[in-house]
Number of protein chains: 2
Amino acid sequence: MTQQSRPVYLKLRDQIAAAIIEGVYAEGEMLPSVRAFAAEQGANPLTVAKAYQQFQADGLVEVQRGVGMYVVAGAAEKLRRSEREQFLAEEWPELRLRMKRLDIDAADLLAHS
Amino acid sequence: MTQQSRPVYLKLRDQIAAAIIEGVYAEGEMLPSVRAFAAEQGANPLTVAKAYQQFQADGLVEVQRGVGMYVVAGAAEKLRRSEREQFLAEEWPELRLRMKRLDIDAADLLAHS
DNA sequence: CAAGGTGCATCAGTGCCATAATACAGCGCG
DNA sequence: CGCGCTGTATTATGGCACTGATGCACCTTG
């Protein structure tokens, strides 16, 4: 009903980013083809391509035309650093205020681990 | 250009919720009128109304037609509990996994306080 | 009663998103 | 070379959420 439905291409992007960081798609290996990943996820190949392009633009994957897209060396660490900084700089401050407002502290978090 | 990362009416909703919890809009008091708040925030009155409706549906504010919308007694605590549960049950688990993936621990958070 | 403020309903417009159907360009392999 | 696999460009279309302008019903106040 609300904005729970983030755009599909962004969901796919996050999913792929997590997989790269966790080594599911190791450096030097090939990402699933646009068509294969689309079929697997039940999405449209173009939508997958749109998600892939984000990584290509950031230099995290390398395109070999006619072959596939390969994870660049150091991509996992680069991605982790990038997202880490983004989280600490932008999300955490707001999150901190919000937790304070909702009266949530470390003990509450541990209770829900 | 109309597409922010987050819909305006949801931003307004969060902003108002925070104000209610913090007592800026005390219980029994009247919320700013739709038109007044819209002018103040540079938004459309209808967009503000959409944000207000969420609170009305949840029974946190009471509408007196022709007069205004009043904060119901106990609204602040009810809102805090609701958001608190929502955070712990839905957001925190994902956040926890994400922080682990990004190699963020308590020390990092304290460093950015 | 008249006037101004309130919320709210209706209709219309806009832009992003997702999908679809093709078509094209490059590469590897038999 | 021929075939099948890659990514990519093009165009078109439908859906849906968000936003916007106008007008109406209701209440209080003087």
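Proteins come first, then strands; the chains are lettered A, B, ... in the order of their sequence lines, and each starts at number 1. Because the structure is predicted, anything quoted here is derived from the model rather than measured.
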Nearest-Å distance for atom pair OH/P, residues A/Tyr52 and D/dA9: 16 Å
Whole angstrom value for the distance that separates P of D/dA17 from CZ of B/Arg6: 16 Å
Check against side chain to side chain contact (heavy atoms under 4.5 Å, CB included), B/Tyr52 and B/Val63: CA-CA 10 Å; B/Tyr52 277 16; B/Val63 176; over 6 Å; no
Protein-nucleotide distance (B/Phe37, atom CZ; C/dG7, atom P), rounded to Å: 12 Å
Separation of D/dG20 P from B/Gln41 CD (nearest whole Å): 13 Å
Residue B/Val8, side-chain atoms from C-beta onward, closest of C/dC8, D/dT19, D/dT6: D/dT19
Side-chain touch A/Ile16/A/Gln54, heavy atoms, less than 4.5 angstrom: no
Near-strand residues of residues 43-50 of chain B, defined as heavy-atom separation under 4.0 angstrom from DNA chain D: B/Asn44, B/Leu46, B/Thr47, B/Lys50
Sugar-phosphate, base or nothing in reach of A/Gln56, heavy atoms under 4.0 Å: sugar-phosphate
Nucleotide D/dC27, atom P - distance to CD of B/Glu62 in whole Å: 14 Å
Nucleotide D/dG20, atom C1' - distance to CG of B/Leu12 in whole Å: 15 Å
Comparing A/Tyr9 and B/Val34 on DNA chain C - which has the more 5′ nearest nucleotide: B/Val34
Note, A/Asp108 side chain near A/Met99 side chain (heavy atom, < 4.5 Å): no
A/Val63 side chain, from C-beta outward: closest of D/dT19, D/dT8, C/dA9: D/dT8
From CA spacing to verdict: side chain to side chain contact (heavy atoms under 4.5 Å, CB included), A/Leu60, A/Val71: CA-CA 6 Å; A/Leu60 296 171; A/Val71 181; over 6 Å; no
Per-nucleotide protein contact string for nucleotides 24-30 of chain C (B base, S sugar-phosphate only, - none; heavy atom under 4.0 Å): -BBB---
Interatomic distance, B/Gln54 CD vs D/dC18 C1' [rounded to whole Å]: 13 Å
Minimum heavy-atom distance A/Trp92-A/Leu88, with the two atoms named: CB-O, 3.7 Å
Sugar-phosphate only, base, or nothing, as touched by A/Met30 at under 4.0 Å among non-hydrogen atoms: nothing
